[in-house]
Amino acid sequence: MKLSDYVIDIIKSEGVSHVFEFIGGAIVHLLDSVASRDDIECVSVRHEQAGAFAAEAYARMNGKLGVAMATSGPGALNLITGIGSCYFDSVPCLFITGQVNTYEYKFDRPVRQIGFQETDIVSVAKSLTKYAVLVTKPEQIRYELEKSIYLAQNGRPGPVLLDIPMNVQRADINPEELPSYFDSEEYMEIKAEEQDDLKESEIVEIINMIRNSQRPLILAGGGVRISSSQKQLAEFVDKTGIPLVSSLMGLDVISHQNPLYCGLIGSYGNRYSNLILANCDLLIILGSRLDSRQTGTRPDTFGRGAKKIHVDIDRFELNAKINVSLAIKSSLNRFLVSINDALGDFIKPEINQWLEKIKDLKDRYPTYSFEPEDNEVEPNRFMELLSSKAERSRAVCLDVGQHQMWASQSFRLSKDQRLLNSGGMGAMGFAVPAAIGAALSTQEEVLVIVGDGGFQLNIQELDTIVRLKLPIKMVVINNNSLGMVRQFQDLYFEGRQQSTVNPNPSFIDIGKAYRIPAFAMHSMEDKEELDRFLTTDGPALLEVILERKTEVHPKLVVNRPIEDMYPYLDRDELQEIMLIDLVEEMDIPT
Ligand SMILES: Cc1ncc(C[n+]2csc(CCOP(=O)(O)OP(=O)(O)O)c2C)c(N)n1
Ligand SMILES: [Mg+2]
């Protein structure tokens, strides 16, 4: 059979129904192999970067595999930001790039290029993939394809890249006769390496630690979703009665209506969430890499009154940034299943005082940017309102900036509602294409929350949304600036707005140009516009206008411990709240 047909067969057998792509001469054979099939579709995006983000969101929603394809040279290079995003956020995606024919590829010759659009994409992508390879011979295809897909999905998931020259794509093969990765020694070695290191004695030890704790807390990270363990987590929370905070990537691991849910921690976390973390005496960290956006720049002060347990599939993340009492290399799924089994009829520890303290902190420190006068839009209250009306959206895709933080602090996710962020890469331009992938994966409505800046990074995808008639509702939070950086300039650059404030086009007119119904909210009095926007069939756009100066509050400033966010609490007030010693003022560098 034709090699490109075989590749599509395998992709289909992985449960993939949509391939995100932008065509070019070097990828025509592969896309042509989709043309005659009705069980798998090409989604022609308007920029390869958008295709990569869409594939990422597709994989995150279906939990299996996302696929994006591009031509050689510029097409392949345009995928790179999305590939990196999958790498940092551990998303299983297969990227396939076309390459010039092997007989016009330079290989080791000391020239820059031989074939037109020839680019050594494998070298470029190496540091951002679990595996990247140029398939130089048709006989390698079965092995390399099986290996790539296996690596993408197993261990700590991530992206892989196959670069397939045109003459290889069109070759004739008999897959049955080709070597299989699953027969190789290499495969056996990887399997052995991926073994969990979880001992029964450790489970017993953890249960004892829970029993003896007065103020236990779970910190849930993105690993819970990556390992599809949200049900097991809910069971663990239910059986133990332990409250839970989350990282940005862990926001959608549990319904925010669950009374034990205690919000987002970190640099832009809720003040109450950070205070809860700072006061716990046992911290169970599940599938989180504890980056500095979570811990602040003072990891030595993070959860300093607590014994810490860290479970992660990637052993290199353990004891890397925060030293813990117990580090366990295990898939979260296996860990949670084991501990839930061992808990049996566990009698929940008596932690009412702790739960009361938590309730008091939640009531005392609700997260708002400012006290609104008249009916002006205050972003945190707007996010609360939006979430109360957008429960039917299957996923919420955030871009990067202030709007992302307001949403992460205040959008109340309902049960099973997903939240997709570009976490580690923090790539502006993520939200709109991610919504395309999420909508195609679920065939359900998806909500986008994006800034006026980030919206314009992949604005061309409005065309893809309209062409495919996708039910995507886009909220553009327009503060007429690259607000997150502008806020940073206010803090550290005496308010000089270099490059952060440039006039915007009319978003309402842009909506019209793409034939997308567009609405605007200038104040909370315009709630009807919000309702009209949400009840419009198919795609719709809502521009929400904010004052340029609106800030994200609270914010953790460099060198401060997690409980001490700006605007600062009165020292006596902080002292009264804290159940452990404050960090000495003289120990905080200025
Ligand atoms: C591709 C990319 N370029 C630059 C940045 C740096 N950056 C982070 S947030 C931000 C401002 C975002 O502005 P906007 O989309 O309007 O959102 P706002 O902060 O105003 O809500 C910038 C420039 C980035 N994260 N990604
Ligand atoms: Mg903005």
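Atoms within a ligand are numbered from 1 in the order they appear, just like the ligands themselves.
The Mg ion (ligand 2) has an N, O or S atom of S481 under 2.8 Å away, backbone or side chain.
Here the angle centred on the Mg ion (ligand 2), running from OD1 of N479 over to OD1 of D452, is 90°, rounded to 10°.
Of the protein's heavy atoms, L482 CA, 3.3 Å lies nearest to atom 13 (O) of ligand 1. For atom 17 (O) of ligand 1, the closest non-hydrogen atom of the protein is H403 ND1, 3.3 Å. Residue, atom and distance of the protein heavy atom nearest to atom 15 (O) of ligand 1 are G454 N, 2.7 Å.
Near V485, the atoms of ligand 1 lying under 4.0 angstrom from a non-hydrogen atom of the residue are 7 (N), 10 (C), 22 (C), 23 (C). The G453 neighbourhood of ligand 1 comprises atoms 14 (P), 15 (O), 16 (O), with distances under 4.0 Å to a heavy atom of that residue. Listed by number with element, the atoms of ligand 1 under 4.0 Å from a non-hydrogen atom of G426 are 24 (C), 25 (N), 26 (N). Remark: ligand 1 atoms within the under-4.0 Å shell around heavy atoms of D452 are 16 (O). Against a heavy-atom cut-off of under 4.0 Å, G483 is close to the following atoms of ligand 1: 13 (O), 18 (P), 19 (O), 20 (O). For ligand 1, the atoms lying closer than 4.0 Å to a non-hydrogen atom of M484 are 9 (S), 19 (O). Of all atoms in ligand 1, listed by their number and element, those nearer than 4.0 Å to a heavy atom of G451 are 14 (P), 15 (O), 16 (O), 17 (O).
From L290, atom CG reaches atom CD1 of I265 across 7.5 Å, with rounding to the nearest 0.5 Å.
Both tests pass for R381 against the ring of Y368: distance under 6.0 Å to the centre and angle within 45° of the axis.
One side chain, E461 or T464, offers a donor N or O that lies under 3.5 Å from an acceptor on the other. Using modelled atom types, one finds a donor on one side chain and an acceptor on the other under 3.5 Å when comparing N421 with Q404. Checked by atom type, the side-chain pair S44/E21 shows a donor-acceptor distance below 3.5 Å.
Using bins of under 30°, 30° to 60° and over 60° for the plane-to-plane angle, the ring pair F488/F493 lands in the tilted bin.
Residue L457 touches ligand 1 through its side chain alone, judged by heavy-atom distances below 4.0 Å. At a 4.0 Å heavy-atom cut-off, ligand 1 touches N479 through the side chain alone.
Between F53 and F430, the ring center distance clears the sub-6.0 Å criterion.
Shortest non-hydrogen contact noted between L128 and I83 is O-CG2, 3.5 Å.
Across D399, V400, N478, heavy-atom proximity to atom 8 (C) of ligand 1 is greatest for V400. Nearest-residue assignment for atom 3 (N) of ligand 1 (options R486, M428, Q402, Q404; heavy-atom criterion): M428.
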